[in-house]
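What follows is one structure encoded as structure tokens, with my remarks underneath.
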Amino acid sequence: MPVLIDTVSKQPSPGTPPPLYKKREPIYPKLVHGPFRMIKWAVLVATLAVYYILPWLRWDRGPGVPNQAVLVDFAEARFFFFFIQLWPQEVYYFTGLLVTAALALFLVSALFGRLWCGYACPQTVWTDLYIVVERLFEGDRNARMRLDAAPLSLNKAWRKGGKHLVWILVALVTGGAWVFYFQDAPTLFGQLFSGQAPVTAYLSVGILTFTTYMLAGTMREQVCTYMCPWPRIQGAMLDEHSLQVTYRIDRGEARGPHKKGETWEGRGDCIDCLQCVVVCPMGIDIRNGAQMECINCGLCIDACDEVMDKVGRPRGLIAYDTDAAVAARLAGTKPVYRFVRTRTLYYAVALLLVGSVMLFGLLTRSPMAMDVLRDRNPEYITLSDGSVRNGYTVQIMNRSIRPEVYFLAFHGPHGAHMRTVGQTHEGPISVALPADGQRSLRVFVTVPPSDHEHHRDHSEPAEFRLISQGGKQLEKATVFLSSGEDE
Amino acid sequence: MVHNDKDEVTGINTTGHEWDGIRELDNPLPRWWLWIFYACIAFAIGYWVLMPAWPGLHGYTHGLLAKSDRAQVAVDLNALKAQRGLAGAGLVNASLEQIEADPKLQAYALAAGASVFGDNCATCHGAGGGGGKGYPNLRDDVWLWGGTPADIEHTLRVGIRSGHPNARMSQMPAFGRDQIVTPDQVNDLTEYVVALSRRKANTAAVARAAPVFQAQCGVCHGPAGMGNQAVGAPNLTDRDWLYGADRASIHSQIWNARGGVMPTWEKRLDTATIKALAVYVHANAGGK
């Protein structure tokens, strides 16, 4: 492996203590054209569209249930996602989703590097959007640099002021869209403007407006370098076979200026034009090799390809490539690309496993659910005639979007009979539940005094059975407790 | 301090510290971190001015906003009270039977009752209402003073031996201690009471005690020992024993005649709360 890092430029002169604080170096990314820029535009439009439109989609679930396609309903403790409706008891689906997302990120990183950072991360998307606004008011790189260097004038003031104003507006809309995921969007939209929305809504909009403006407007690359843990973690996912935005050192060196008509013999293709540096939103030089700061957005590839076309050399001096391929070419052997590796196999299998478990869970998920809580204090009650009573709290849930009638029955020790508070007859209890509804029942089970024929243990197995009108049955095991003595 | 301990890969000096072979690069901090530090100092000064901050010998600096969490708790409690008053009005206007028949009102009463029970009743009757020796079990089917919702509500209002003018009142004489009967007769009566609950007992003692029981105990407990709810006399023939089922406990009770006190709740809890409590206790005992 060649050392790809330029060690010369970073050396402090001997004797001087290193500075405690580093002044931020301003970055003026230049607009570039090319396939990767096009992909980034497309991803930007697509992700922003999803973000802003999603809470406005409707999904009819019938009366009594919200008709918003995607809704995190904290007040009613429900999560709605199109045809999926999750209750708080099913929070493990979120755990599964997060695990799946993490594994997918690992797999993609091991295969193709930081695709997430370069294209889909909100920090990248909103920074890109903010740079568009910046360019609109202040022009491209050179104009921006001139403007920053110029003394304050009316021209500078309105350009700077206008930019910040639009930034804050974009931030406001960003924060504004966020709260629609948590309440009925059309209702909340009206409330937000009439001052009737909950305080938390205004607070959330305020906080997100501030963070969007700060992170995408003023912090930018500082977020990735100093705040985000992922650049530091991702080193563990990458290896020499991971595709990354790479300066092909084997082809580029020795670099140097090139005049038209000069020979390309005995030198590299890099003409040291620094186009890869001026377009970089992170302000780094990709020719120094893989760096923590590099978000793999590929804009330097577009910039370099443009230059290679002009000087008449083949494209791809900077390209998605692997360290192993570069090393192979340097050694004069044929580069080998290996996508199937132990690492990627592990990630893929884990991803498949978790995904299958999630899918299986979702597909076999029953809309009928029941939780049984047995009284622990007191464990059992002896009645005046010597019979024993146990108390249970049975929570019955109808997670479907239709009203349902369920029947609750108890199966346990010999002679057991069940009653709920307010019930006038013995036997199975019918429970009518509205769509997306639940009910908690206090259930008392009484067992007659034990005799020699029907001796009872201290703890005997028992179960509650919930039966739907459609004949579906759900069992929940519990126990029936008594003193366990013949009296 | 300058360390010429250079990291070979990055070419950056390290701090000179080493932990099991791991060395830390001496990278400078970004300047804006320093600004955040200064911003925190500015915030702290603003906080001192606006909020309670500095303790003194006889108090503390209240700050311009004079914020007090304690005062806020009082405001919140009053708001809660007002909110409960609104929901409680439903309980006040409905009869106990109506509350039990209306699922919504019943659910509210049960929730409120459970909370009030935990705060006021659990000390003696236990968190689940299971009671203990000398403290009645509120979960079973034995009620000294009646187990209908109305009976329970009345007991809650006036208490038992509570000093309330209408209190539930009963006093068993201390037959042994006050020498109303002889010690031998107390022994015989113990056997008689054991026999009443269909357990094996000394037949000779039971025969001797029979006339004594009829003369001394039958007035309240009834000639057959079945008890009398009107005077709070327990049924002696069932399996439920407030002060214990064994001979020593029964003997002790005939000798000393203990009786517990339940306070009146009329002045401490409002009507809606007492009704909620009655509904809760009734439901928890099986609701019969």
Side-chain angles (χ1 to χ4, degrees), chain A residues 3-12 14-25 214 218-219 221-222 225-227 288-289 291-292 375-391 393 419-424 432 439-446 449 483 487, chain B residues 1-4 6-15 25-35 100-103 106-107 110-111 114 122 126-132 137-143 197-199 227 234-235 237-241 245 279-280 282-288:
Chain A
V3 176
L4 297 174
I5 304 288
D6 172 9
T7 54
V8 183
S9 62
K10 284 191 179 172
Q11 270 183 16
T16 28
L20 283 175
Y21 299 101
K22 195 167 79 181
K23 200 165 173 284
R24 182 175 170 195
E25 286 163 28
M214 286 303 285
T218 62
M219 298 295 290
E221 82 288 348
Q222 302 282 306
T225 313
Y226 291 108
M227 298 181 186
N288 289 342
Q291 295 151 74
M292 192 199 75
D375 282 6
R376 287 162 176 272
N377 178 14
E379 282 185 325
Y380 59 89
I381 294 139
T382 310
L383 300 182
S384 55
D385 66 351
S387 51
V388 178
R389 187 158 72 200
N390 277 202
T393 303
R419 264 186 106 250
T420 51
V421 176
Q423 185 195 7
T424 47
R439 216 175 125 191
S440 213
L441 293 176
R442 285 285 290 148
V443 177
F444 295 107
V445 174
T446 309
S483 65
E487 284 176 38
Chain B
M1 227 172 107
V2 184
H3 307 282
N4 289 316
K6 195 179 291 175
D7 175 57
E8 278 182 14
V9 178
T10 56
I12 296 172
N13 278 355
T14 73
T15 55
L25 296 184
D26 196 9
N27 274 318
L29 280 176
R31 175 71 68 181
W32 54 263
W33 273 24
L34 198 62
W35 299 340
E100 289 194 343
D102 179 349
Q106 188 199 30
L110 289 180
N137 184 340
L138 302 179
R139 298 286 300 274
D140 61 15
D141 57 347
V142 176
W143 297 90
S197 54
R198 295 186 290 283
R199 287 180 284 176
N235 183 345
T237 65
D238 63 16
R239 308 272 189 107
D240 190 78
W241 299 90
V279 170
Y280 170 76
H282 183 239
N284 234 359
K288 279 203 182 172

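Here is the naming used below: chain letters follow the sequence lines, and residue numbers restart at 1 for every chain.
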>> Once rounded to the nearest 0.5 Å, what's the spacing between atom CZ of Phe444(A) and atom CG of Asn284(B)?
In response: 5.0 Å
>> Counting heavy-atom pairs closer than 4.5 Å to chain B, which one of Arg24(A), Arg439(A), Arg389(A) comes out on top?
In response: Arg389(A)
> Can you tell me if CZ on Arg198(B) sees more than 12 non-hydrogen neighbours from other groups inside 6.0 Å?
Replying inline: no
>> Taking side chain as everything from C-beta outward and backbone as N, CA, C, O, which of these in Trp32(B) sits under 4.5 Å from a heavy atom of chain A? Side chain, backbone, both or neither.
In response: side chain
>> Quick one about Asp240(B) and Ser384(A) (side-chain donor to acceptor, distance below 3.5 Å, no hydrogens or angles considered), yes or no?
In response: no
>> Going by side-chain hydrogen bond (donor to acceptor under 3.5 Å, both in side chains), name the residues that satisfy it together with Asp375(A), two or more places apart in sequence or in a different chain.
In response: Arg442(A), Arg139(B)
>> I need the minimum non-hydrogen distance between Gly128(B) and Pro378(A), along with the two atoms involved.
In response: O-CD, 3.7 Å
>> Could you tell me if the side chain of Pro28(B) sits less than 4.5 Å from the side chain of Tyr21(A), heavy atoms only?
In response: no
>> Working to the nearest 0.5 angstrom, can you tell me the gap between Arg239(B) CZ and Thr382(A) OG1?
In response: 9.0 Å
>> With rounding to the nearest 0.5 angstrom, report the CG to CG distance, Leu383(A) to Asp141(B).
In response: 4.5 Å
>> I need the residue from Leu29(B), Asn27(B), Asn137(B), Leu110(B) with the largest number of non-hydrogen atom pairs under 4.5 Å to chain A.
In response: Leu29(B)
> Any idea which heavy atoms bring Pro30(B) and Gln222(A) closest together, and the distance?
Replying inline: CB-OE1, 3.9 Å
